[in-house]
Each structure stands twice: as C-alpha cells, then as structure tokens.
Amino acid sequence: MATVKEYNVEEKLVSVLKLQKIDSKLDEIQILKGELPMEVRDLEDEIEGLNLRQGHIEDEIKSITDFIASKKAAIKEAEALAKKYEKQQDNVKNSREFEAITKEVEMQNLEIKLAEKHIKDANEEVKDKTRALDVAKKAVADKESNLKHKKGELEKIISETDKEEKGLQKLTEDAREKVDPRLLQAYEKIRKNYRNGLAVVTVIRDSCGGCFNAIPPQRQAEIRQRKKIVVCEHCGRILVDNDLDATVQA
C-alpha cells in the first residue's frame, strides 16, 4: 500500500512559495495582455450586431424598392386604362355612357396620383434608410479597423510570451502536485480573494507584504522559525520570512 508523504512546515512553505512565484509570473503575462482579450471579444460581438443591423436595413431598402417598382407598374397600367377609356369616349351612344367612362378616367388618374405620392414617400424612406445604412457601414469599418489593431497587439504579445507561458503552466501544474492538499486549497481560495493574486507574501518593514498592516515582533519571530503556518490576521495571506523567499526560485 502506497504511503502518503508527510511534509514538515518548512517544506510546505517552500512548496507553496514556489507555486506563488510561478503563478505570479503567469499573472504578469496576463497583466501584459491586459483587457485585450475581452476587448477583442466585445468588438467581435459589436461587429456581428452591426452586420445584422446592416442586413436588416438592406432588406428594408429592397422591400421599399420592390414597392416602388410595383407602384410604377400600377401607374403604367392606370395610364394605359385611362387612354383606353378616353378613346371609348369618342364612340359613346349617350351621355350616361360618357359620364361613366369619364368617371373611370378620373378614377385611373386618381390611382396615378396616389401611386406617385406613394413613390415619393417611399423614395424619402429609401433616402433615410440609405443614410442609416451608410452610418452602419462606417461603424462596421471603424470597429473592424479597431479590431484589427487590437488583434495585432494581442497576437504580438502572445507570440512573445507563448513559449514562456506554456512553460510556466507546466511548472505550475508540477508545483501544485507538491503542495500539501489542504494548504493548496487555502492558497487557491486566498488567491481568488485578491486581484493581484498574492496568497503568499513576505514581511516588509515589519508589515504584511499584502495588506501592509503591522506584524507584531512575536509573530515575525514565529514566521522566521518556520514551525507553523502563519497567516496575516488582517488579510489572511500566508506569511514567509525574507530569507526563505530569497532561497526559493520559481
């Protein structure tokens, strides 16, 4: 039956401190990337939304254009009917027929005027939609230009740090396996609580290197003795002495 290795306090501190140093280097790479990955995703989403809007406007313009074409066809049909009725007026047999044909001619002329009004209104709507389409196209062009710039920046950083990042990720996986499970759990919980990701810190000028609150002399002596895990009573970070920090490399 395999035995579980027991670590003394100093070994536990060394393993978690080494892990912190590796993770801090990974954090530095993420800081170097900054908000670029999120900005790239946001720009891609915005462009997708603008392209959908552009497509809707183009569909609306086509629909209005088809409407105009149908009204122009209706005008031609009404004009043809009006001419037909006007010719029939020359062959009427009585005034009743003449009045009936005259009303038909008037009706066709009204249809023409109404269709012309619809065409005029539709042309104005096309102008408005075309302006909106131009604005959408410009917005897409601006966003795509910005996206290209942001992607270029991100790709440059990735190309410069990719090898180092992959190496550090392998190191942090290996380092995690060497940390006492309960200590690792506490370490990861503390890291999540702070934006700078520092869960293990040294004493700096008699103060916690994380929250900068004073550490009493007795507590500092306990930290140097490495007989037990000492945490900052203010922020909960794991405290290590400077000599240990100097000997542990990532």
Side-chain angles (χ1 to χ4, degrees), residues 17-70 118-176 184 187-201 204 208-212 235-237 249-250:
L17 177 57
K18 183 171 184 177
L19 176 59
Q20 175 68 79
K21 291 194 173 189
I22 297 168
D23 282 340
S24 290
K25 286 187 177 181
L26 279 168
D27 291 342
E28 286 173 10
I29 293 174
Q30 296 308 314
I31 291 168
L32 188 61
K33 291 178 183 177
E35 300 295 324
L36 281 173
M38 189 180 297
E39 288 175 10
V40 166
R41 286 193 297 272
D42 288 345
L43 281 168
E44 287 173 339
D45 290 343
E46 286 180 44
I47 289 169
E48 184 179 352
L50 286 167
N51 282 329
L52 283 172
R53 173 169 169 71
Q54 184 177 319
H56 288 322
I57 296 171
E58 287 171 344
D59 289 342
E60 288 172 349
I61 290 173
K62 185 181 183 304
S63 178
I64 298 167
T65 303
D66 291 343
F67 174 78
I68 291 170
S70 71
H118 285 157
I119 289 171
K120 182 182 177 182
D121 293 342
N123 278 326
E124 288 301 316
E125 194 173 354
V126 167
K127 286 180 183 177
D128 291 340
K129 296 292 182 185
T130 301
R131 282 193 289 268
L133 181 60
D134 289 340
V135 170
K137 284 181 176 179
K138 186 178 184 305
V140 169
D142 290 343
K143 296 290 182 184
E144 284 179 340
S145 175
N146 195 14
L147 176 61
K148 183 179 179 182
H149 176 69
K150 295 289 185 185
K151 275 187 171 179
E153 286 183 1
L154 183 58
E155 286 168 4
K156 183 180 178 183
I157 293 170
I158 289 172
S159 67
E160 291 173 349
T161 60
D162 186 57
K163 185 177 179 181
E164 181 186 3
E165 187 174 10
K166 285 179 179 176
L168 288 169
Q169 285 170 347
K170 178 65 172 64
L171 286 175
T172 195
E173 287 171 10
D174 294 342
R176 268 175 167 73
L184 178 62
Y187 166 82
E188 290 178 338
K189 184 177 179 181
I190 297 168
R191 258 180 70 80
K192 288 177 182 177
N193 288 338
Y194 299 104
R195 290 186 65 183
N196 63 10
L198 289 177
V200 184
V201 296
I204 303 172
C208 169
C211 66
F212 307 108
C235 68
R237 289 180 170 95
Q249 302 298 320

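For the pair Ile22 and Ala175, the tightest heavy-atom approach, listed with the atom from each and the gap, is CD1-CB, 3.9 Å. Smallest separation of non-hydrogen atoms from Ile68 and Ala122: CG1-CB, 3.5 Å. Between Ile29 and Leu168, the shortest heavy-atom distance links the atoms CD1-CD1, 3.9 Å. Contact record, Ala136 with Ile57: CB-CD1, 4.4 Å, taken as the closest heavy-atom pair. Across every non-hydrogen atom of Gly236 and Ile190, the tightest pair is O-CD1, 3.3 Å.
No donor-acceptor pair closer than 3.5 Å links the side chain of Ser145 to the backbone N or O of Ala141. In this structure a side-chain-to-backbone donor-acceptor pair under 3.5 Å is missing from Arg176 to Leu19. A distance-only check finds no donor-acceptor pair linking the side chain of Ser63 to the backbone of Asp59 [under 3.5 Å]. Without hydrogens or angle criteria, Asn146 side chain to Asp142 main chain gives no donor-acceptor distance under 3.5 Å.
The pair Asp27-Arg191 meets the salt-bridge criterion, with a side-chain N (NZ, NE, NH1 or NH2) lying under 4.0 Å from an Asp/Glu carboxylate O. The pair Arg41-Asp45 does not meet the salt-bridge criterion, since no charged nitrogen lies less than 4.0 angstrom from a carboxylate oxygen. Classification of Lys143 and Asp42 as a salt-bridged pair fails, no side-chain N sitting under 4.0 Å from a carboxylate O. Here Glu44 pairs with Lys151 in a salt bridge; the nearest charged N to carboxylate O distance falls below 4.0 Å. Salt-bridge annotation for Asp128 and Arg131: present, with a side-chain N of the basic residue lying under 4.0 Å from a carboxylate O of the acidic one.
A distance of 9.0 Å separates CG in Leu36 from CD1 in Ile158, rounded to the nearest 0.5 Å. Considering CG of Asp134 and NZ of Lys129, their distance stands at 13.5 Å, rounded to 0.5 Å. Atoms SG and CZ, on Cys235 and Phe212 in that order, are 9.5 Å from each other to the nearest 0.5 Å. Distance CG/Asp23 to OG1/Thr172: 3.5 Å, rounded to 0.5 Å. Note that NZ of Lys156 and CG of Leu32 are 10.0 Å apart. Values are rounded to the nearest 0.5 Å. In this structure, CG in Asn193 is found 9.0 Å from CZ in Arg237, a value given to the nearest 0.5 Å.
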query = Step by step, would you call Glu48 with Arg53 a salt bridge (Lys or Arg N to Asp or Glu O under 4.0 Å)?
reply = CA-CA 9 Å; Glu48 184 179 352; Arg53 173 169 169 71; over 6 Å; no
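More than 12 non-hydrogen atoms from other residues, nucleotides or ligands lie less than 6.0 angstrom from CD of Glu58. Atom NZ of Lys21 has more than 12 heavy atoms from other residues, nucleotides or ligands within 6.0 Å.
No side-chain N or O of Glu60 forms a donor-acceptor pair with one of His56 less than 3.5 Å apart. For the residue pair Ser24 / Gln20, a side-chain donor-acceptor distance below 3.5 Å is found, with atom types taken as modelled.
Side-chain contact check for Gln54 versus Lys137: some heavy-atom pair is nearer than 4.5 Å. With contacts defined as side-chain heavy-atom distances shorter than 4.5 Å, the pair Glu165/Lys25 does not qualify.
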